[in-house]
Amino acid sequence: MINLKEQPHKRFNPLTGEWILVSPHRTQRPWQGQVETTAAPVGLQYDPACYLCPGNARAGGARNPNYTSTFVFDNDYAALRPDTAPGELNENGLLVARSEKGICRVVCFSPDHSLTVARMSIPDLEKVVHVWTGQYRDLAAVPFIQSVQIFENRGEMMGASNPHPHCQIWANESLPNEMLKEQTTQRAYFEQHNRCLLCDYVSLELQLRERVVCENENFAALVPFWAIWPFEILLLSKHHTPSLEGLDRNAARDLAEILKRITTRYDNLFRVSFPYTMGFHQQPADGREHPEWHLHAHYYPPLLRSATVRKFMVGYEMLGSPQRDITAESAAERLRAQPEIHYLQEQKQ
Ligand code: H2U
Ligand code: ZN
């Protein structure tokens with residue numbers, strides 16, 4: 001037997017096939033860096049200098065329409081372009097390069113510059129879910145597209161260039177590294193067990209309940225057993241679907257609802273607008289059946305102890321493997337203990 005609460009150990013991530021080091025005994029070490037936080041004011045609903053606000057000019061001369069709900073546009077500084085000419089380089093398998101075509105878009109969640117997912121209404125978040133589904137469907141239908149990555153960078157700490165609520169979509173002609181790892185592991189599991197890896201995982205976690213943070217009829221949010229980031233969350237569809245396209249109206253509403261609940265718990269943890277990168281993993285858009293693929297979203301937030309003390313991925317983590325001190329179970333317990341009323345809302349009441 002192994003004492004997961006006290007002794008150093010490694011945990012296996014069946015989705016990536018990689019290991020992570022857990023050192024729970026280190027949480028007892030002295031720490032002097034704690035910084036107290038105060039709630040930041042919400043700010044302007046319209047910022048004349050914001051390139052995502054309705055009616056404003058963007059780089060390159062385009063102007064946003066006076067949109068009243070969601071708004072999608074092609075990224076003016078796209079990392080990938082649809083018109084890239086094909087080309088390849090291979091020098092003895094050592095200098096290898098390949099051209100890559102793609103499409104990059106930006107999705108504004110709301111015309112209100114001051115909002116965040118945590119403070120948007122569920123009906124408005126439902127509209128965002130429908131936009132994501134439509135974008136996935138449209139981009140997947142483009143013949144050269146194989147992968148559609150929807151992701152949100154929230155907060156300066158995560159490199160977001162603008163607080164206006166928005167996300168990005170990068171779609172390209174080959175599977176990026178993380179998708180490729182998850183494709184390989186999910187397929188291998190399906191071939192071996194004739195069941196879906198994440199269907200089995202979510203039902204195991206729902207039995208154990210130790211790492212579950214919150215749930216509704218269609219989704220479960222949990223700190224995965226193999227979490228790397230202190231308050232990492234894996235959001236899983238409870239029912240098998242390879243992509244957002246498999247969600248019915250109820251499930252889409254449940255997704256909107258749980259997005260709000262997760263981000264509210266995050267904000268309440270350190271009473272700050274919690275930074276994170278989140279994104280959906282869905283089946284490759286290659287026109288094939290993928291019964292092994294299970295829709296999920298990863299939340300990777302950097303904060304560790306307070307609004308300003310973050311986890312660094314340095315040293316051993318860059319050279320060996322990722323490592324964490326607080327266990328996934330204790331992180332889940334702390335997130336479970338948070339209320340689902342946003343702290344800014346609570347102050348108003
Ligand atoms: P991030 O905050 O996650 O960086 O997303 C903002 C995106 O908006 C970024 O990818 C794009 C940037 O290229 N952008 C435009 O498309 N037009 C602009 O006028 C400014 C920024
Ligand atoms: Zn704005």
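Whatever order the structure lists ligands and atoms in, that order sets their numbers, starting from 1.
In this structure, a donor-acceptor pair under 3.5 Å is absent between the side chains of Gln283 and Glu289. Gln338 and Tyr266 share no side-chain donor-acceptor pair at under 3.5 Å. A donor-acceptor contact closer than 3.5 angstrom is absent between the side chains of His290 and Arg288.
More than 12 heavy atoms of other residues, nucleotides or ligands sit less than 6.0 Å from atom CD of Gln7. Surrounding CD of Glu340 are more than 12 heavy atoms belonging to other residues, nucleotides or ligands, all under 6.0 Å away.
Among all non-hydrogen protein atoms, the one lying nearest atom 8 (O) of ligand 1 is Val106 CG2, 3.7 Å. Remark: minimum distance from atom 18 (C) of ligand 1 to any protein heavy atom is reached at Asp76 OD2, 3.5 Å. The shortest contact between atom 4 (O) of ligand 1 and any protein heavy atom is with Ser161 OG, 3.3 Å. Looking at atom 3 (O) of ligand 1, its nearest protein heavy atom turns out to be Gln168 NE2, 2.8 Å. The protein atom (non-hydrogen) at minimum distance from atom 13 (O) of ligand 1 is Asn75 OD1, 2.7 Å. Of the protein's heavy atoms, Ala59 N, 2.7 Å lies nearest to atom 19 (O) of ligand 1. Summary of contacts: the protein heavy atom closest to atom 21 (C) of ligand 1 is Tyr51 CE1, 3.2 Å.
Sorted by first then second residue, the side chain to side chain donor-acceptor pair (under 3.5 Å) pairs that include residues 47-59, not counting sequence neighbours, are Tyr46-Asn56, Tyr51-Ser161, Arg58-Asn64, Arg58-Asp76.
Between Lys181 and Glu18 a salt bridge is recorded (basic side-chain N to carboxylate O distance below 4.0 Å). The residues Glu232 and Lys311 are annotated as not salt-bridged, no charged nitrogen and carboxylate oxygen being separated by less than 4.0 angstrom.
Numbered from 1 in the order shown, with element, the atoms of ligand 1 that lie under 4.0 Å from a heavy atom of Asn153 read 3 (O).
Between Phe12 and Trp19, the two ring planes are tilted [angle within 30° to 60°].
For the pair His166 and ligand 1, a heavy-atom separation below 4.0 Å is found.
At least one side-chain heavy atom of Glu215 sits under 4.5 Å from a side-chain heavy atom of Arg209.
Excluding water, every protein N/O/S atom under 2.8 Å from the Zn ion (ligand 2) is given here by residue and atom: Cys50 SG, Cys53 SG, His113 ND1, His164 ND1.
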